[in-house]
Asks: 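Quick one: the structure is below, questions incoming.
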Amino acid sequence: MPGAEFAPLPGFRLLPGFLDAAQQRELMQQVQAVLEQAPVYHATMPKSGQPMSVAMSNAGALGWYTDQDGGYRYIAQHPETAQPWPAIPPVALDVWRAVVPDAPAPEACLINHYRDTAKMGLHQDRDEADFSAPVVSISLGDEAMFRLGGTSRKAPTRSFRLSSGDVLVLGGEARLAFHGIDRVIAGTSRLVPGGGRINLTLRRVT
Ligand code: SIN
Ligand code: FE2
C-alpha cells in the first residue's frame with residue numbers, strides 16, 4: 001500500500017555525532033558522578049508490577065518514575081535514598097541549549113542504563129503537563145536500534161541505528177511520536193564502564 005510508507009513526523013531531528021569523543025567522555029564522567037549520588041534502580045510497571053529491563057536514575061528538579069501502585073509520574077526525590085535528584089550534567093545542558101535554543105531550561109533528565117538484553121517497548125512520552133517543549137535525547141556507549149513511529153501506535157515505523165554521541169530531538173508534531181529501543185548491540189563501544197548503553201532524555205515537565 002503506497003500510503004503506508006514511513007516518513008518521520010515534522011519536528012523529528014537526528015543529529016549523528018553531535019558530541020565528539022572528548023565531549024562524550026566528559027559527559028560520561030558527569031553521569032557517573034550523578035549515579036554515585038543517585039544509584040540506578042529498576043522501576044516497575046503500573047498494574048503488573050513487572051520490573052523494567054532498563055535500569056534508571058534521574059538528574060534535575062524532577063525525575064521520571066513508575067511503580068506498581070503509583071504508575072508513571074515525576075517525583076522530586078530518589079525513590080530509595082529519598083534525596084533530591086542531583087543537578088543535570090552541564091554537558092547535557094549545553095546540548096539542550098544548542099539544539100533547542102528557544103525552549104525553556106529542562107526540568108528532568110532521565111538516565112536510562114541498558115545492559116545485556118535490556119530494551120524499551122514502543123511508547124509515547126506523555127507524562128508531562130506541557131508538550132510544547134521538545135524532548136532531547138543523547139546516546140552514549142553501545143549502539144542501539146531505535147524505532148520511530150507516528151502519533152498512533154498503528155502507524156508505520158522505521159528503525160535507526162543510534163551511536164554514541166548522537167542526539168535526537170522530538171519536537172513539533174513528533175513530540176508525541178511513538179518510539180522505543182528494539183535492542184542494544186553489545187560490545188560496540190567502550191565508553192560506559194562495565195559496558196552497555198546510556199541514554200539521557202531531557203524534558204520540560206510543567
Ligand atoms: C526513552 O524513550 O526513554 C529512551 C530512548 C532511548 O533509550 O534512546
Ligand atoms: Fe521515551
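What's counted below: heavy atoms across the whole structure, side chains too, no hydrogens, waters or symmetry copies. Order of appearance sets the numbers: ligands from 1, and atoms from 1 within every ligand.
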Asks: Consider side chain to side chain contact (heavy atoms under 4.5 Å, CB included). Of Val135, Leu202, Val99, which one does Val169 pass it with?
Replies: Val99

Asks: Hey, which atoms in ligand 1 end up nearer than 4.0 Å to a heavy atom of Ile181?
Replies: 6 (C), 7 (O), 8 (O)

Asks: Should Arg158 and Arg147 be marked as a side-chain contact (heavy atoms from CB on, under 4.5 Å) after you check the CA-CA gap, both sets of side-chain angles, and the distance that decides it?
Replies: CA-CA 6 Å; Arg158 201 201 117 169; Arg147 186 163 294 280; 5.8 Å; no

Asks: Does the Arg175 side chain pair with the main chain of Asp125, one donor and one acceptor, at a distance under 3.5 Å?
Replies: yes

Asks: Name the closest protein heavy atom to atom 8 (O) of ligand 1, giving the residue it belongs to and the distance to 0.1 Å.
Replies: Arg197 NH2, 2.9 Å

Asks: Assign the ring pair Trp85 / His78 to parallel, tilted or perpendicular, where the plane angle (0 to 90°) is split at 30° and 60°.
Replies: tilted

Asks: So is there a nitrogen or oxygen of His179 less than 3.5 Å from a nitrogen or oxygen in ligand 1?
Replies: yes

Asks: Which residue and non-hydrogen atom of the protein lie closest to atom 1 (C) of ligand 1, and at what distance in Å?
Replies: Met120 SD, 3.5 Å

Asks: Tell me whether Glu128 contacts the main-chain N or O of Arg203 through its side chain, where contact means a donor paired with an acceptor under 3.5 Å.
Replies: no

Asks: Can a donor-acceptor pair be found, under 3.5 Å and without considering hydrogens, that links the side chain of Arg183 to the backbone of Ala144?
Replies: no

Asks: Show all protein N/O/S atoms under 2.8 Å from the Fe ion (ligand 2), or state that there are none.
Replies: His123 NE2, Asp125 OD1, His179 NE2

Asks: Look at atom 3 (O) of ligand 1 and say which protein heavy atom is nearest, naming residue and atom and giving the distance to 0.1 Å.
Replies: Asn112 OD1, 3.3 Å

Asks: Is there a nitrogen or oxygen of Asp125 sitting under 3.5 Å from a nitrogen or oxygen of ligand 1?
Replies: no

Asks: Shortest non-hydrogen contact from Leu9 to Gly150?
Replies: CD1-CA, 4.0 Å

Asks: Would the distance check show the side chain of Gln24 and the main-chain N or O of Leu19 forming a donor-acceptor pair, the cut-off being under 3.5 Å?
Replies: yes

Asks: Check for me whether Trp64 has a heavy atom closer than 4.0 Å to any atom of ligand 1.
Replies: no

Asks: With heavy-atom distances below 4.5 Å as the criterion, would you say the side chains of Asp67 and Pro79 are in contact?
Replies: no

Asks: Hey, which atoms in ligand 1 end up nearer than 4.0 Å to a heavy atom of Tyr114?
Replies: 4 (C), 5 (C), 6 (C), 7 (O)

Asks: Taking only residues two or more places apart in sequence, or in another chain, which ones meet Leu176 in a side-chain contact (heavy atoms from CB on, under 4.5 Å)?
Replies: Gln124, Arg126, Phe131, Thr151

